[in-house]
Amino acid sequence: MSDQLPRREKHGPIAWMAGNSVAANLIMLICLVGGFLSLQHMKQEVFPDIQIDTVEVSVAYPGATPEDVEKGIILSIEQAVQNLDGVDEVASVSREGWGRVSVTLLEGADGEKLAQDVKSEVDRITSFPEDAEEPQVRLVAHRRGVLSLVLYGDVDGVILHELAEQVRDQFLQDPDITQVDVSGLPPLEIGIEISQENLRRYGLTLEDVATRLRDASVDLPAGGLKTKGGEILVRIRERRDYGRQFAQLPVITAADGTQVLLNDIATINDAFEETDRYTTYNGKPAVMLEVYRVGHQTPTQVADAVRRQLAEIIPNLPPGVQASIFNDMSDIYRQRVQLLLKNGAFGLVLVLVLLALFLEARLAFWVALGVPVSFLGSFLFLPAAGVTINMISLFAYIIAVGIVVDDAIVVGENAHHYHQEGMPFLKAAVRGTREVAMPVTFSILTNIATFMPLYFIPGVMGKIFKMIPIVVSIVFIISLVESLFVLPAHLGHQRERRRRGISAWLHQRQQAFSRAFKHWVQHRYGPFLTFVVRHRVVTIAVAVSLLAVVLSYALKRPDGVRPFSHSGVGLFPSERDTTIRLARAEDRNRCESSCPGRSPSGRQERL
């Protein structure tokens, strides 16, 4: 039987690709090899790195009540920034000794430009109270945290702070760790206490001492000296960072050269700023080190580096001090990747087994190959679309893994049908593909249209969810191209071959099963389908009842279980119970925290 196409069937892209297997194989290799290489260089992160489109202005006003902060600071800032171009909404928060104004940008506005405009307007305000500190203006950015390390024990807070700084320095020496912040302790301060008796004895005031300290602790450029060898830059380096450095500062110098040092008249302590909050872990004082991912570092790479360094740090900790990893986001990232790989492998095996059982083993192989081709091929285009490997894009791949192979199954089954009727492989592949090309194309376009509304969600959540339609659309389009142009070439260039031994026995068993299944479809399933169509009311009632049962199970909320948690797939990772606590000192009321990032006021923040 000739395997050449009739003259009238040689025209068209499907026939051309089916007859030129080299071009089809080249496309397949570009998707497989190119996609794999592109995957090695793609950024991996837990959550997508997006701009939050918010400019924050924060001002510290020590000792002021929330009402004083609002009247003296917040209202002035709101009036100054609310009419700027690109401002969508202005919101504010007033607290004891601190206030914040959040300026939300309009869709498409330039965040950097608006941040500069806000800073310019705030700098023009002259009505701030004298005791208010310098306003801080910043464009809010999402920090890419990986995990938190907690150092805790029944030791003094100064010791915990020094240990945290040492651990931080050791972490930063690792090439896989770039950014580490220390949190959970009040800011350091140098406490200098002078009694009234000493002030009267030497004729001093607190303002005199403060001025002397301020003048003696400077780090300023002082110009340059031009010499024959070149210009020498001069700088005054008198900055003091510790109490012992201030202790030897002369406060009074007599005419005979006698000096009264600060240590002679004052009590100097290196301590923490007085605050009504403290942090504990398992009921013990604690300090936290927040480890972040920077650039193209992956969450698993950073987490592995932390554990590698921690294995060296723990044996050298002082007695009574322990270390524990808390809120490790890399575990959630690993679980999502493993879920995708497990679902993909399960889907491949299912396609191979079922198609090999009902149709043919070679056909099952070429159809299943469409899954890795589509997935790896998508990595060639995701960087250009601004998509990284993160929790959202992985979720999109998990959605697509159950849909992506449908078009290839339809094309492969139709080509196999024509071959079973006696057509050569090439002719059957072309005719079978052409026959279903239109419905398969519209099926893919319908799937894409289903996800496209997510692309138009506004705001920060829209920037996150838009990755889902981008990923599934790219995967579906590549799958369509593979099923219409690459798969026919593989199916059309098969050859009839005589099977021997175990291969012949398996083929006979498979064909016997296939014939038995066709007989069951014609004589059992066909009459049942006719019955269902004739009794539509009963069919719809049973379907609605099953839907109600499934929804009641999915929406069931036992203690600690969220809706749809039975499915095992969540778009966002669940919050974990922890023993980190942040409390007020005066009433000992404790509030659990599920997020390591906190503002100076102890407020919990997360995206």
Side-chain angles (χ1 to χ4, degrees), residues 1-32 351-352 354-374 377 404-445 477-500 503-504 506-519 521-522:
M1 185 178 294
S2 175
D3 204 26
Q4 297 296 321
L5 289 173
R7 182 180 299 274
R8 60 187 177 86
E9 294 188 6
K10 288 184 177 181
H11 302 289
I14 293 177
W16 188 90
M17 287 293 295
N20 293 270
S21 59
V22 174
N25 290 331
L26 183 60
I27 293 176
M28 181 185 68
L29 288 176
I30 289 175
C31 290
L32 291 176
V351 169
L352 284 170
L354 294 181
L355 289 185
L357 188 63
F358 289 98
L359 299 178
E360 195 178 37
R362 287 182 296 177
L363 174 65
F365 171 77
W366 290 119
V367 169
L369 190 62
V371 175
V373 168
S374 302
V404 68
V405 78
D406 292 354
D407 50 357
I409 292 176
V410 173
V411 171
E413 190 277 333
N414 206 42
H416 178 74
H417 167 72
Y418 279 110
H419 177 66
Q420 291 292 94
E421 291 186 348
M423 285 187 182
F425 280 110
L426 184 57
K427 184 177 179 180
V430 174
R431 181 168 296 182
T433 304
R434 280 178 170 170
E435 189 174 272
V436 298
M438 188 64 69
V440 165
T441 300
F442 276 95
S443 173
I444 293 296
L445 294 178
I477 291 173
I478 295 176
S479 173
L480 178 63
V481 172
E482 195 276 340
S483 63
L484 295 183
F485 300 108
V486 178
L487 182 60
H490 294 150
L491 299 180
H493 285 78
Q494 299 181 86
R495 293 292 182 268
E496 295 288 357
R497 54 189 178 89
R498 296 184 60 183
R499 294 177 172 85
R500 297 181 178 88
S503 176
L506 288 175
H507 181 70
Q508 292 173 2
R509 301 284 79 75
Q510 184 271 331
Q511 290 298 312
F513 175 83
S514 181
R515 288 191 295 268
F517 179 74
K518 289 180 181 178
H519 181 272
V521 169
Q522 294 173 357

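In this structure, the side chains of Met423 and Arg431 come closer than 4.5 Å at one or more pairs of heavy atoms.
For the atom pair CD1 of Ile409 and CG of Leu363, the computed distance is 9.5 Å after rounding to the nearest 0.5 Å. Rounding to the nearest 0.5 Å places CG of Leu487 at 11.0 Å from CD1 of Ile14.
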### Query
So Val410 and Asp406, side-chain contact (heavy atoms from CB on, under 4.5 Å) or not? Walk me through it.
CA-CA 6 Å; Val410 173; Asp406 292 354; 5.6 Å; no
### Message
Set out, in order, the CA-CA distance, both residues' side-chain angles and the distance that settles side-chain contact (heavy atoms from CB on, under 4.5 Å) for Glu413 and Val436, then state yes or no.
### Response
CA-CA 10 Å; Glu413 190 277 333; Val436 298; over 6 Å; no
### Query
Is there a ring-ring contact (aromatic ring centres under 6.0 Å, His included) between Phe425 and His419 once you walk through the steps?
CA-CA 6 Å; Phe425 280 110; His419 177 66; 3.9 Å; yes
### Task
Give the intermediate values and the outcome of side-chain contact (heavy atoms from CB on, under 4.5 Å) for residues His490 and Arg362.
CA-CA 10 Å; His490 294 150; Arg362 287 182 296 177; over 6 Å; no
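Residues Val404 and Ser479 approach most closely at O-OG, 2.6 Å, considering heavy atoms. Across Ser483 and Val440, no two heavy atoms sit closer than the pair OG-CG1, 4.5 Å. Between Leu491 and Gly412, the closest heavy-atom pair is CD1-CA, 3.9 Å. The shortest heavy-atom contact between Asn414 and Gly432 is ND2-O, 2.8 Å. Shortest non-hydrogen contact noted between Trp366 and Glu482 is O-OE2, 4.3 Å. The two residues Leu426 and Ala18 have their closest heavy-atom pair at CD1-O, 3.5 Å.
Under the 3.5 Å distance criterion, the side-chain polar atoms of Ser374 are matched with a main-chain donor or acceptor of Gly370. Of the possible donor and acceptor atoms, none in the side chain of Thr433 sits under 3.5 Å from a partner among the backbone N and O of Pro488. A donor-acceptor pair under 3.5 Å links the side-chain atoms of Asn25 to the main chain of Ser21, judged by distance alone. A donor-acceptor pair under 3.5 Å is formed between the side chain of His493 and the backbone N or O of Ala489.
Counting non-hydrogen atoms of neighbouring residues, nucleotides and ligands closer than 6.0 angstrom, the CZ atom of Phe513 exceeds 12 such neighbours.
Counting only N and O atoms by type, the side chains of His417 and Glu421 include a donor and acceptor under 3.5 Å apart.
Under the side chain to side chain contact (heavy atoms under 4.5 Å, CB included) test applied with Leu480, the options Leu484, Ile477, Ile478 reduce to a single match, Leu484.
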